[in-house]
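We name chains A, B, ... by the order of the sequence lines, and we start the count at 1 in each one.
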Amino acid sequence: MAATATGIHHRSYSSELRLRATRAEYVRLGLLTLLLLLLPFILDNYWLSQANLILIAVIGAVGLNILVGYTGQISLGQGGFLAVGAYSSAILSDRMGLPTPIAILLAVLLTAAVGTFFGLPGLRLKGLYLAIATLASQMIIEFVIRRWDWLTLGQGYLNIDRLDVFGFQIGGRAVFEQQWYWILLVLASLSVITARNLFRTGLGRSFMAVRDQDIAAEAIGVNIPRAKLMAFAISSGFVGLAGALTAHYSEVLSWEKFTLDVSILYLAMIIVGGLGSIAGAVYGAIFMTLLPELIRQLSLGLGDSVPFIADQLPAVRNAVFGLVIILFLILEPRGLDRIWHRIKDYFGFWPFRY
Amino acid sequence: MSARNRTLAVAMAAASALALSACGGGGGGGGADSDEPIPIGMIADLTGATGDVGTPYNEGMLAYVDWRNEEGGIDGRQIEALSNDYAYEVPKAEQLYKQYINDGVVAVQGWGTGDTEALSASVGKDELPFMSGSFAEPLTDPEEAPYNFIIAPTYSDQMRIALNWIEEDSGGGGEVAVFHHDSPFGEAPVGDGQTWIDEEGLDLGYESYAMPSGSQNYVGLLSQAKDQGAKYVVIQNVASPAALVAKDIAAQNLDMKIVCLNWCGNELFIDSAGDKAAEGHILIQPFAPLSAEKEGHAPIKEYAEANNIDTADIGAAWVQGWYAMDIMAQGIEEAMASGDELTGASIREALETMGAIDTGGVVGDGTVEFSADSHRGSTATGIYEAQDGAMVEIDPDASL
């Protein structure tokens, strides 16, 4: 446990259950909130678009971490579930005329249902076998969105109207990113808060019990099938929300946005960020979304002295992507979240080492 | 403050800021002050699945910009080309597009069908003229894609011309196997080909086969095509995989003739397959290669000579890039001549109203013309045959 949490004396149950207990934690939260509120006034539209991608990735990564990090299940079907959320929300809002918030809500529920269905093998399978079963879900969903003409009315891609929520429509390119930022910030914040609180409920704790020792969990009365399926449902719900937001934000859908690469990217996010940590999912989403861009900026800077990097940028990106995962698995398997805790501990204990 | 109140406070702050930002201005201009360079974004495939032709296409565009700037630019203003590799991945293309918007470009040169289609709605809303290496037919409809311009006959038109040629060559009763890239690009003309056969009552059999990417050979697909009885293999793919098919046909000693559409109808196909394996195959190529000796090749040759580039290294894909930039530059020039502010909207209007753009016989039947009702720049294409390692013109401007 972090140094800042030691020596705290709780006098009530509500005090003990609080998410934050120390003044330092409140100061950090205040600074973070201030930064998030100032960001649109600091960043230009391009970097704001990166922030928007991060906020969507945060929702998806938090969802995946609920399943993988907290429940110990594995999923290679993230890309497919994102697609279910994206296509269902787009079709419900644009083609069937439902108000967008309702379409997004229904897309979340539908993705949760699809996720639960594809989670059924999880009742019998574990580890690598379950990974392959979820890989099948990715392949099946990808096949459907590629080949089922009805989804795109034979076009192969799906255009989506600019977001219109009860009369408020997102504006032109000068304000597009800024307006989306506020929407995504609210939804990403709510997702993070919801997930944090989930693990303070009995259901959330049953997820962790399944992860840590399912036989013991069953012995103390945890309904294992229910816990596993609920984990798939809740996780997929989050992912469905991320998919729906991807659709309305990018305003066009094609199957190429939901390939196995996306599933692997999200897994990388939670590995690098920290399995079993909501904050880790956030750190991972930020890091893995910004990594390609940072490499690109680096290649621009080194373009003259090391032209190889600029010439082979996509290959360099992929190599760095793999290298980062390997390094994290070797040097800090608990990810960025653990590194952050260690930094806090260093300052908390200073001048002592422990 | 309780957790609930904190959440509420954050949500309120965000909602207020949202309302404030909603009061902001509308879409940005994108034009630049006079004398400043004209920024144009380029989304290029240099290292991705279609990099074999994507690279020379991009080189051709950059060469044109270089040449034009040396000639004094467009009405005294230099062209600033922002070119980046997206490796044929749609999300990376979207990311680059966002960056170009932020950089204030007035037009964009894209590449693939998947990314051009994915961006078509955005470029429409952002009012940015968009040309690309994709000639998918839906992009010609201003209702569907108001800012996309197709500078050559569509893949579907090329397929129709190919089927007409096969009907004539076979004397009727030919079997056609369509080998296509397994992507929106590859699939673009497949359905339209079948519709054309039905509509025109052509006496042709027709089956399509997706080409698995990364295959080391296509013997399996050719075996299926042989079972179909195919004597003609229409290929909608880039040069390298098409060359593999040609090698496999030669190795298997099959009696099949390849009809390559656009991105494999070039010298790269012949060079990769080898003169012997490529011999006799047909190439549908709307952009005349240098060997066709058109008037419009003069500036290219002049540029090559001035920059010590061997013209033998300049293939059809390179010429395509050059002329894609030339047509866009002529639209920009016309927009500037009209006296309006240089914006995406004014460039679009100029392209739609300026009449025929003369390409000196290089593109289609020599001219490219758009209108407010159609962004289909041309419907004619050259047909070539691979003979002794070269593209030999057998019909300079075949059309429907």
What is the minimum heavy-atom distance between A/Y157 and B/E117, and which atoms define it?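 A/Y157 and B/E117 have their closest heavy atoms at CD2-OE1, 3.2 Å.
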
What's the shortest heavy-atom distance between B/P184 and A/W255, and which atoms?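 It is CD-NE1, 4.0 Å.
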
From [atom1] ([X]) to [atom2] ([Y]), nearest 0.5 Å:
X	Y	atom1	atom2	answer
A/N159	B/K125	CG	NZ	6.5 Å
A/D44	B/D103	CG	CG	8.5 Å
B/I101	A/F176	CD1	CZ	9.0 Å
B/E94	A/S49	CD	OG	10.5 Å

Selection from B/K92, B/E144, B/E127 maximising heavy-atom pairs under 4.5 Å formed with chain A: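 Heavy-atom pairs under 4.5 Å are most numerous for B/K92.
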
Which one wins on heavy-atom pair count under 4.5 Å against chain A: B/G114, B/A118, B/G48, B/P91?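 Looking at each of B/G114, B/A118, B/G48, B/P91 in turn, B/A118 comes out on top.
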
Looking at A/R317, A/Q50, A/E293, A/R146, which makes the most heavy-atom pairs under 4.5 Å with chain B?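 Between A/R317, A/Q50, A/E293, A/R146, the count favours A/R146.
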
Given that the side chain runs from C-beta out, which part of B/S120 has a heavy atom under 4.5 Å from chain A: side chain, backbone, both or neither?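 Side chain only.
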
So what's closer than 4.5 Å to chain A heavy atoms on B/Q95: side chain, backbone, both or neither?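 When you check distances to chain A, atoms from both the backbone and side chain of B/Q95 fall under 4.5 Å.
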
For [X], which atoms come within 4.5 Å of any heavy atom of chain B: side chain, backbone, both, or neither?
X	answer
A/S14	neither
A/D161	backbone
A/Y181	neither
A/L53	neither

If you apply the rule side-chain contact (heavy atoms from CB on, under 4.5 Å), what do you find for B/S122 with A/V252, and how did you get there? CA-CA 8 Å; B/S122 298; A/V252 69; 5.5 Å; no

Could you walk me through whether A/R296 and B/Q99 pass the side chain to side chain donor-acceptor pair (under 3.5 Å) test, one step at a time? CA-CA 12 Å; A/R296 199 171 70 82; B/Q99 186 197 325; 2.4 Å; yes

What I want to find out is whether B/D182 reaches A/R147 closely enough, with some N-O distance under 4.0 Å, to be called a salt bridge.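 Salt bridge flag = yes for A/R147 with B/D182.
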
